[in-house]
Protein chains: 2
Amino acid sequence: MTVTPDLEQVLKGAELRVTRPRVAVLSAVHAHPHADTDSLIRAVRADLGDVSHQAVYDVLRALTSAGLVRRIEPSGSVARYEARVGDNHHHVVCRHCGAIADVDCAVDETPCLTASNDNGFVIDEAEVIYWGTCPACSTSDRHRRRGNT
Amino acid sequence: MTVTPDLEQVLKGAELRVTRPRVAVLSAVHAHPHADTDSLIRAVRADLGDVSHQAVYDVLRALTSAGLVRRIEPSGSVARYEARVGDNHHHVVCRHCGAIADVDCAVDETPCLTASNDNGFVIDEAEVIYWGTCPACSTSDRHRRRGNT
DNA sequence: GCTCTTGTCTTGACTCGTTCAAGAGCAAGG
DNA sequence: CCTTGCTCTTGAACGAGTCAAGACAAGAGC
């Protein structure tokens, strides 16, 4: 795979060192939205050859804290990462196969994003996860189940 | 702790056998909202004496699938359980100390089920987690406590 | 280009929440 | 009371993620 200078600029813009593992991880996250860590490790290794899982974990943490990627953890699933950051979008997760899709912020007025009683908390983010059934699992409902019911 | 016949009725109503561990776990979940599994195990053992952690895990799963308790898993936290079921309420989680509080849905029914673009998914539940800072951590924040702990 | 500094990657072991498996125990119905 | 089958105990195993120490390389300065 050819080097993507664009991603290097992104890393530099975040004041992060430009290394091959970092570019590869960032590229993998862009190429595979909502991929879990293991998938990303395999994608990175397909790109670079041999990379330790620890490096991927470390890079993902660095990218997450730098705000370049976002970490999502639906219940019953492992951590997943996506490169879409900055916009306030949410996710819909299939209960049967675990598929994840993006959902733009539901309503303009966002009724649920305004807590009726915040208990004194200072709220800075509202995370919404829609649970349901994806089109594939809806048609063939007795398909293979990956997650817990 | 005195026996709570009410909980026995709840278990019977769910077609579950009434055993001491089950009553104790259900009671512990009622007494300690948003408690993690380990806290519940300790609470149950304080009540009954010696109970295997496996029994608690098994009971919690049975109660969850029966709809008597609800399992919540904020990112970066272990599984927690609450007895408030049936109403569509959400949670606010403190980024610093992990404290959880209930938040009633802004609207009575379930408006959060309305996604602007459902990608063909059949959505049956919307889970909302508000992230912020609890009152206690807000106060200590002024002492220079910063960063994502 | 060369060296230095500092942050990054490799290797390997380890933690901890959770689950699996086999057998003993007990609740509920007859 | 006895049977039946679910439930609890015991003990081990699993796996995502983390910790620690040292080798290594990116970027800065010369």
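In this text the structure is predicted, and so the values were computed from the model without any measurement. Lettering of chains follows the sequences in order, A, B, ..., and the numbering in each one begins at 1.
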Engineer: What's the CG-P distance between Asp58(B) and dG25(C), to the nearest Å?
Structural biologist: 18 Å
Engineer: Do Val78(B) and Thr37(B) have side-chain heavy atoms sitting under 4.5 Å apart?
Structural biologist: no
Engineer: Return the value, rounded to whole Å, for the distance between atom NE2 of His53(B) and atom C1' of dT10(D).
Structural biologist: 9 Å
Engineer: Counting only side-chain N and O atoms of Tyr57(A), is one of them less than 4.0 Å from OP1 or OP2 of dG17(D)?
Structural biologist: yes
Engineer: Reckon Arg17(A) has a side-chain N or O less than 4.0 Å from the OP1 or OP2 of dA25(D)?
Structural biologist: no
Engineer: To the nearest Å, give me how far apart CG (Leu40(B)) and C1' (dT18(C)) are.
Structural biologist: 14 Å
Engineer: Expressed in angstrom and rounded to an integer, what is the separation of Arg20(A) atom CZ from dC9(C) atom P?
Structural biologist: 11 Å
Engineer: Whole angstrom is fine here: how far is it from CG in Leu60(B) over to C1' in dC8(D)?
Structural biologist: 14 Å
Engineer: In Watson-Crick or G-U wobble terms, both distances under 3.5 Å, what is the partner of dC30(D)?
Structural biologist: dG1(C)
Engineer: By nearest atom, which of the nucleotides dT18(D), dC8(D), dC9(C) is closest to the Arg61(A) side chain?
Structural biologist: dT18(D)
Engineer: Nearest whole angstrom, please: distance from the P of dA16(D) to the CZ of Arg80(A).
Structural biologist: 11 Å
Engineer: Picking from dT18(C), dA16(D), dC9(C), which would you name as closest to the side chain of Arg22(A)?
Structural biologist: dC9(C)
Engineer: Would you kindly say whether Asp38(B) and His53(B) are connected by a side-chain donor-acceptor distance under 3.5 Å?
Structural biologist: no
Engineer: Heavy atoms only, 4.0 Å cut-off, all strands: where does Ala79(A) land among base, sugar-phosphate and nothing?
Structural biologist: sugar-phosphate
Engineer: Take Thr19(A) and Asp38(B), find for each the nucleotide of DNA chain C with the closest heavy atom, and name the residue whose nucleotide sits nearer the 5' end.
Structural biologist: Thr19(A)
Engineer: Does this structure show an ion pair linking Arg71(B) with Glu73(B), if we count only N-O contacts that are shorter than 4.0 Å?
Structural biologist: yes
Engineer: Identify the residue among Leu26(B), Val18(B), Thr19(B), Leu16(B) that makes a side chain to side chain contact (heavy atoms under 4.5 Å, CB included) with Glu8(B).
Structural biologist: Val18(B)
Engineer: Select one nucleotide: of dC8(D), dG7(C), dT18(C), the one nearest the side-chain heavy atoms of Val59(B).
Structural biologist: dC8(D)
Engineer: Between Ser52(A) and Glu73(B), which is nearer to the 5' end of DNA chain C once each is assigned its nearest nucleotide?
Structural biologist: Ser52(A)
Engineer: His34(B) and Ile100(B): which non-hydrogen atoms are nearest, and at how many Å?
Structural biologist: ND1-O, 3.4 Å
Engineer: Could you tell me whether Asp50(B) contacts a base, only the sugar-phosphate backbone, or nothing, with contacts defined as non-hydrogen atoms closer than 4.0 Å?
Structural biologist: sugar-phosphate
Engineer: In whole Å, what is the span from the CD1 atom of Ile41(A) to the P atom of dT11(C)?
Structural biologist: 13 Å
Engineer: Report the distance from atom NZ of Lys12(B) to atom P of dA28(C), rounded to the nearest whole Å.
Structural biologist: 7 Å
